[in-house]
Number of protein chains: 2
Amino acid sequence: MKILLIEDESSLRESIITYFTDEGNICETAADYKSAIEKVNIYNYDCILLDLTLPGGDGMEILRAIKKINKKDGVLIISARHSLDDKLDGLNLGADDYLVKPFHLSELKARVTAIVRRKSYNGSNIITFNEIHIDTQAMSVKIGDNVLILTRKEYDLLVYFIANHNKVTTKSAIAEHLWGDEIDLSDHFDFIYTHIKNLRKKLVEAGCKDYIKSMYGVGYKFENV
Amino acid sequence: MKILLIEDESSLRESIITYFTDEGNICETAADYKSAIEKVNIYNYDCILLDLTLPGGDGMEILRAIKKINKKDGVLIISARHSLDDKLDGLNLGADDYLVKPFHLSELKARVTAIVRRKSYNGSNIITFNEIHIDTQAMSVKIGDNVLILTRKEYDLLVYFIANHNKVTTKSAIAEHLWGDEIDLSDHFDFIYTHIKNLRKKLVEAGCKDYIKSMYGVGYKFENV
DNA sequence: CATTTACAACCAGATTTTTCACTGTATGAA
DNA sequence: TTCATACAGTGAAAAATCTGGTTGTAAATG
């Protein structure tokens with residue numbers, strides 16, 4: 001899951017980020033109005049955690065911006081303002097939920113998952129793509145009845161592929177999704193090849209068709225032929 | 001005791017909440033269909049007080065939702081509808097009791113405690129997972145017939161694992177659950193390793209299979225192979 | 001007060017994963 | 001065809017993470 005945290009207070013930012021990163025999510029942050037708008041404009045997130053009081057501009061403006069450029073990203077407002085009016089304003093502008101500071105991280109997480117679940121209500125947490133079955137809660141992958149043992153990156157990669165099946169995905173998009181901010185985009189992340197190769201190998205060895213099609217010079221496509 | 005009150009009329013809501021809070025309970029409220037469904041989906045309550053006439057949707061739907069997502073939360077319907085049919089409908093759908101407005105708060109309280117007591121008696125306080133039996137009231141653990149002596153943290157850990165069996169649990173989730181607020185999430189709580197290790201050892205020594213599977217880079221999974 | 005116990009911290013070694021360098025092959029453009 | 005580049009495959013170094021042992025400390029117990 002990819003999360004953007006828009007929050008200026010650094011200590012809170014740290015702990016939230018640590019928490020969600022530990023949970024295995026990709027987290028990015030923005031500490032002020034400008035960089036928030038920038039990120040929101042360029043990338044897509046499963047959920048955006050938005051603090052309302054920001055240096056350089058009002059948080060509500062960011063919310064408006066998100067909703068304006070369509071964006072189906074989930075938005076959870078976290079704010080110290082606890083008046084009903086603030087709450088209603090936020091929700092009316094299209095936020096998915098509103099959480100008053102201070103809060104427990106577990107509650108934050110619960111609400112985020114609730115938002116994400118609501119957004120993409122697959123019903124279950126089992127993702128299925130032909131013979132591939134992924135149980136996202138158990139983090140287990142099956143090919144037919146064979147259980148596949150995948151490493152973290154391989155797993156993320158597979159989930160990403162399936163989520164974007166039949167679409168071309170560039171290497172940099174993959175890198176962005178698997179590594180988030182940490183990656184230096186000027187790098188030649190050739191190690192993606194390795195992960196692709198390993199995933200491919202494990203899938204094929206488990207009797208799965210090779211859905212990963214290389215698009216020379218562009219990237220890959222997880223293709224349902 | 002944790003209680004959820006689903007009620008749209010604010011004055012009644014206030015008085016019930018005040019009453020139960022004063023009694024030392026944790027109370028949450030939902031005033032409409034949407035937020036009710038949400039809370040019910042996210043959290044667990046000892047007892048849910050459900051008003052049938054709600055803006056935005058029928059209360060019976062909420063009841064259905066509760067029962068659908070398993071949920072062993074107790075449900076007490078409070079409603080102005082006093083026909084026998086309404087009563088029967090509710091009880092048939094799995095509500096534990098039905099109270100007709102208006103009522104005395106003391107009666108409400110009596111019924112709530114009755115429900116909770118009933119739950120915790122017949123609703124087994126024995127958790128069983130294969131050969132592992134936990135008596136939550138006695139806080140004792142048995143492997144088959146062997147009694148296990150666990151420390152507090154080990155016990156909590158085991159219960160948490162069993163409650164989340166076959167799901168991956170991250171270290172930070174465990175930390176949050178076992179230590180709550182006190183934990184500094186920027187820490188690398190390596191001490192979890194120790195508790196995992198100790199629990200594992202005691203379980204295995206008592207002749208239990210090692211269900212605790214490490215998910216490298218993610219956390220652990222209590223797995224029923 | 002002495003002793004035991006539970007918990008947290010530390011450390012060394014093992015294990016697993018990730019990254020990186022290198023070689024060979026395939027592809028598309030000139 | 002030739003050439004530059006992209007990709008696949010191998011293996012090994014580097015980094016991250018887990019395990020098990022041990023130790024210090026504070027709290028609980030007797």
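Within every chain, numbering begins at 1; the chains are lettered A, B, ... in the order of the sequence lines, protein sequences first and strands thereafter.
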message: From CD1 of A:Ile192 over to P of C:dT18, roughly how many Å is that when rounded to an integer?
response: 13 Å
task: State, yes or no, whether a side-chain contact exists between A:Leu105 and A:Leu108 at a heavy-atom distance under 4.5 Å.
output: yes
message: Check the phosphate of C:dT17 against A:His195, side-chain N and O only, distance under 4.0 Å to OP1 or OP2. Yes or no?
response: no
statement: With B for base contact, S for sugar-phosphate-only contact and - for none (protein heavy atoms under 4.0 Å), nucleotides 4-15 of chain D reads -BSBSBB-----
message: Can you measure B:Asp190 atom CG to D:dT22 atom C1' for me and round it to whole angstrom units?
response: 15 Å
Any side-chain heavy-atom pair of A:Ile143 and A:Ile132 under 4.5 Å: yes
- line: Between its two end axes (five pairs each) the helix from C:dC1-D:dG30 to C:dA30-D:dT1 turns, nearest 10 degrees, through 30°
query: Rounded to whole angstrom units, what separation is found between the CZ atom of A:Arg152 and the P atom of D:dC18?
result: 11 Å
field: Least distance between heavy atoms, A:Lys101 atom then A:Ile78 atom
entry: CE-O, 4.2 Å
query: Under 3.5 Å, is there a donor-acceptor pair between the side chain of A:Glu7 and the main chain of A:Glu9?
result: yes
- request: Could you check how far OH of B:Tyr155 sits from P of C:dT5, rounded to whole Å?
  value: 21 Å
- prompt: Should A:Tyr98 and A:Leu52 count as side-chain neighbours, where that means a heavy-atom distance under 4.5 Å?
  reply: yes
task: Could you tell me the separation between the CG atom of A:Leu157 and the P atom of C:dT17, rounded to a whole number of Å?
output: 15 Å
- request: Could you run through nucleotides 24-30 of chain D and give me one letter per nucleotide, 5' to 3': B if any protein heavy atom sits under 4.0 Å from the base, S if only the sugar-phosphate is that close, - if neither?
  value: -------
query: Quick one: CG on A:Asp73 to CD1 on A:Ile48, what's the gap to the nearest 0.5 Å?
result: 4.5 Å
task: Return the value, rounded to whole Å, for the distance between atom CG of A:Leu150 and atom C1' of C:dT16.
output: 14 Å
field: Residue of the set B:Arg200, B:Lys197, B:Lys201, B:Lys202 for which salt bridge (Lys or Arg N to Asp or Glu O under 4.0 Å) holds with B:Glu154
entry: B:Lys202
query: With a 4.5 Å limit on heavy-atom distance, are the side chains of A:Ile62 and A:Ile37 in contact?
result: yes
Atom-pair distance (NZ on B:Lys213; P on D:dT17), nearest Å: 18 Å
- prompt: Do B:Tyr155 and B:Ile134 touch side chain to side chain, with heavy atoms closer than 4.5 Å?
  reply: yes
statement: Atom CG of A:Asp156 and atom C1' of C:dT17 are separated, to the nearest Å, by 13 Å
query: Are side-chain heavy atoms of A:Leu49 and A:Phe20 found at a separation under 4.5 Å?
result: yes
message: Which label fits B:Tyr211 and B:Phe222: parallel for a plane angle under 30°, tilted from 30 to 60°, or perpendicular past 60°?
response: tilted
